[in-house]
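Computed from a predicted model, the values in this text were never measured in an experiment.
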Amino acid sequence: MSTTRKIAVGLGIASGALLAAWLLTGNRKQKTKEYISKKADGLKHAIKTEKRSFDDSDAHYI
């Protein structure tokens, strides 16, 4: 892995950690928790509605 790529990955991880720390401090903590839980519930609902069952009860002979 080249030095430039290592620096870019390091900066990405550091900025993500800094953003998470900022979002979870002060009065933003409750708003962030509510936003994440609302989006997670929406994602769970979307996954449940898209599931389809597949019945392969027919025999396939070669």
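- Thr32 contributes atom OG1, which lies 9.0 Å from atom CD of Glu34 (distance to the nearest 0.5 angstrom).
- Contacts classified as side-chain hydrogen bond (donor to acceptor under 3.5 Å, both in side chains) and involving residues 1-19 (residues at least two apart or in different chains) are not found.
- Side-chain heavy-atom separations under 4.5 angstrom define the hydrophobic clusters, and the remaining members of the one that includes Trp22 are Leu19, Leu23.
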